[in-house]
A.B. asks: 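Here it is: the structure, laid out below.
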Amino acid sequence: MHIITNFTASAGAETMLARLLRESRTERIIVVSLLDISERNRNLADNPNVFYFPLKAGGAATFPMAILRLAQLIREHQPDLILCWMYHAMVAGTIGVRVARKRTPIFWNVRQSLDDPASLSRSSRAAITMGKWLSGTASGVIYNSYRARELHEVYGYSRRNAVVIPNGVDLPPLVQSKPRELLRIGIAGRFHPQKDHATFFHAAASVLRTHPNVKFYAAGHGLTLDNPAVRSLIAEAELPLNSIEFWGEVSDMSRFYDSIDLFVLSSRTEGFPNVIAEAMSHSKPVVTTNVGDAAALVGRAGVAVPSRRPEALASAIRAMIDLSPDEYARLARRARRRIEVEYTLAAVAQKYDEFLHPT
């Protein structure tokens, strides 16, 4: 049984769960979402052996009833083990097992680092604190980055039976990297304070002052000009509207990655950023803030700079723009190769299986 906070989202945790479900063809699987379940994620999982149960727990008032329903599902389906994805699900799953009066092994899957807790919602911060109190009862904890493990253990999470398993990606068909000039720069991620689009917009405005031919692209839920908060940040950064193209939420991210030359991440906090690995699988070099395991993931296929530093981000982007076509092509090949060697979905799924089902 998988328990996840919200299986309607299309962020890193939800995408990774859907990919793992697609790889698990030999067993019956229950997926419980505290909120709801989207057709996008069902289709991405594409597994007839998976049965879905949305609990529709939209707020604190509905949480107790969701726990009772979860306990009922645990008693009814009697899973061999339970894997909880993200803080609210970790708390709910742990309490649900107790209410069900079962001794089912329960594992946690922490998908977030604690580089900047202030960027998280009040509800998430409360769940993080409850997680600290309950973490000793978990049979094991999976982190998707070494930085996340380090910061959570310093915060007080149990160190017992903890492991780091990175995210895995589906490798797209390899397109031969040709020498080219870097003119199209993209960012992808939902519009949320932890993604720090304000820093990206300020960096973009700075880059345009020295490289006026560059074009920027932004994809992610909430990233549209219909969003007043986006318009406000654009105006504050003095970024010309005709210099950036907003894609909003994208169902086919391959099309987005193929449309850009350089991928940028400006986050204040991350665990293992899926979007970086996905961009690299499309042979795109990366400029990222040094949060979570982003810098370790990028390796020698890009540049990492301090978070919340627009000029540092702009300087790194300029350095990439100024690469010769041959230097750019070399970085592009290096990005693809790193994903092929370290972060394929099959290899990551095997690591999950070995941790959850030790011989």
Side-chain angles (χ1 to χ4, degrees), residues 1-24 27-47 49-60 62-63 65-74 77 79-97 100 104-113 120-121 123-124 126-128 130-131 134-135 138-145 148 152 165-168 190 192 194 221 270-274 345 348-349 352 355-356:
M1 176 182 284
H2 294 273
I3 304 172
I4 189 165
T5 301
N6 181 14
F7 207 40
T8 67
S10 55
E14 295 78 17
T15 299
M16 188 61 212
L17 172 55
R19 289 171 176 165
L20 284 179
L21 294 174
R22 195 178 68 228
E23 291 288 305
S24 304
E27 55 189 347
R28 186 172 186 269
I29 301 172
I30 304 298
V31 173
V32 181
S33 173
L34 299 186
L35 291 176
D36 212 336
I37 294 159
S38 69
E39 283 303 308
R40 179 260 185 191
N41 289 331
R42 286 177 183 261
N43 293 337
L44 185 58
D46 188 26
N47 187 338
N49 296 324
V50 179
F51 299 85
Y52 298 95
F53 296 90
L55 300 185
K56 311 281 189 177
T62 59
F63 197 71
M65 288 302 297
I67 294 293
L68 292 176
R69 174 60 176 146
L70 176 59
Q72 180 184 357
L73 289 170
I74 293 170
H77 294 281
D80 297 325
L81 63 85
I82 297 171
L83 179 58
C84 303
W85 295 67
M86 300 186 294
Y87 302 116
H88 294 86
M90 285 151 40
V91 172
T94 301
I95 297 173
V97 167
T104 311
I106 184 164
F107 292 83
W108 289 7
N109 200 336
V110 179
R111 315 295 301 175
Q112 179 69 58
S113 184
L120 304 176
S121 68
S123 175
S124 292
I128 290 168
M130 293 183 68
L134 295 172
S135 64
S139 300
V141 182
I142 297 171
Y143 295 94
N144 70 344
S145 74
H152 280 82
I165 303 178
N167 290 349
R190 73 191 190 282
H192 187 280
Q194 77 178 71
H221 180 73
E270 288 283 350
F272 180 104
N274 262 7
L345 180 59
V348 169
Y352 268 88
F355 182 69
L356 297 173

A.B. asks: Can you say whether the rings of Tyr143 and His152 are parallel (under 30°), tilted (30 to 60°) or perpendicular (over 60°)?
C.D. replies: tilted
A.B. asks: Kindly compute the distance separating CD1 (Ile165) from CZ (Phe272), expressed to the nearest 0.5 Å.
C.D. replies: 12.0 Å
A.B. asks: Do the side chains of Ile3 and Leu34 get nearer than 4.5 Å, heavy atoms only?
C.D. replies: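 Of all side-chain heavy-atom pairs linking Ile3 with Leu34, at least one is under 4.5 Å.
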A.B. asks: Got a second to check how far Arg22's CZ is from Leu44's CG, nearest 0.5 Å?
C.D. replies: 5.5 Å
A.B. asks: Treating Asn47 as the side-chain partner and Ser24 as the backbone partner, does any N or O pair qualify as donor plus acceptor under 3.5 Å?
C.D. replies: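 Here the side-chain-to-backbone pair exists.
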A.B. asks: Return the minimal non-hydrogen interatomic distance between Ser145 and Ala148, and the atom names on each side.
C.D. replies: OG-N, 2.9 Å
A.B. asks: Please round to the nearest 0.5 Å and tell me the distance separating atom CD1 of Ile37 and atom CD of Glu14.
C.D. replies: 11.5 Å
A.B. asks: So how far is it from Leu17 CG to Asn109 CG, rounded to the nearest 0.5 Å?
C.D. replies: 8.5 Å
A.B. asks: May I ask you to test the Asn41-Tyr52 pair for a side-chain heavy-atom distance under 4.5 Å?
C.D. replies: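 No; the side chains remain at least 4.5 Å from each other.
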A.B. asks: Where does the angle between the aromatic ring planes of Phe53 and His77 fall among parallel (under 30°), tilted (30 to 60°) and perpendicular (over 60°)?
C.D. replies: tilted
A.B. asks: For His88 and Ser123, work out which heavy atoms get closest and say how close.
C.D. replies: NE2-OG, 2.6 Å
A.B. asks: Run the numbers on Asn49 and Glu27 for side chain to side chain contact (heavy atoms under 4.5 Å, CB included), then give the verdict.
C.D. replies: CA-CA 7 Å; Asn49 296 324; Glu27 55 189 347; over 6 Å; no
A.B. asks: Does a side-chain heavy-atom distance below 4.5 Å link Leu73 with Met1?
C.D. replies: yes
A.B. asks: Just wondering, do Val50 and Ile29 contact through their side chains at under 4.5 Å, heavy atoms?
C.D. replies: yes
A.B. asks: Which heavy atom of Val97 sits nearest to which heavy atom of Thr104, and what is that distance?
C.D. replies: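 So the two residues come closest at CG1-O, 4.2 Å.
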A.B. asks: With a sphere of 6.0 Å drawn around CG of Asp80, does it hold more than 12 non-hydrogen atoms of other residues, nucleotides or ligands?
C.D. replies: no
A.B. asks: Would you mind reporting whether Val141 and Val110 have side-chain heavy atoms less than 4.5 Å apart?
C.D. replies: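 When only atoms from C-beta onward are counted, Val141 and Val110 do touch, with a gap below 4.5 Å.
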A.B. asks: I'd like to know if the side chain of Thr62 and the backbone of Gly59 have a donor-acceptor N/O pair within less than 3.5 Å.
C.D. replies: yes
A.B. asks: Please report the shortest heavy-atom distance between Gly12 and Arg111, naming the atom on each side.
C.D. replies: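 For Gly12 and Arg111, the tightest heavy-atom pair comes out as O-NH2, 4.2 Å.
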A.B. asks: Assess whether atom NE2 of His221 is packed by more than 12 heavy atoms of other residues, nucleotides or ligands within 6.0 Å.
C.D. replies: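 No, the 6.0 Å shell around NE2 holds no more than 12 heavy atoms from other groups.
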A.B. asks: So do the side chains of Gln112 and Ile128 get within less than 4.5 Å of each other, counting heavy atoms only?
C.D. replies: no
A.B. asks: Just how far is it from atom CZ of Phe7 to atom CZ of Arg42, taken to the nearest 0.5 Å?
C.D. replies: 9.5 Å
A.B. asks: Counting C-beta onward and ignoring hydrogens, is there a side-chain heavy-atom pair between Met16 and Leu345 closer than 4.5 Å?
C.D. replies: yes
A.B. asks: Do the non-hydrogen side-chain atoms of Cys84 and Thr94 ever get within less than 4.5 Å of each other?
C.D. replies: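 Counting from C-beta outward, Cys84 and Thr94 never come under 4.5 Å.
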A.B. asks: Over all heavy atoms of both residues, which pair between Ala71 and Ala100 is shortest? Give the atoms and the distance, please.
C.D. replies: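 Nearest heavy atoms, Ala71 then Ala100: O-CB, 3.6 Å.
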A.B. asks: Write down the atom of Ala92, the atom of Phe63, and the distance for their closest heavy-atom approach.
C.D. replies: CB-CZ, 3.8 Å
A.B. asks: Enter the distance from Leu70:CG to Met65:CE here, rounded to the nearest 0.5 Å.
C.D. replies: 12.5 Å
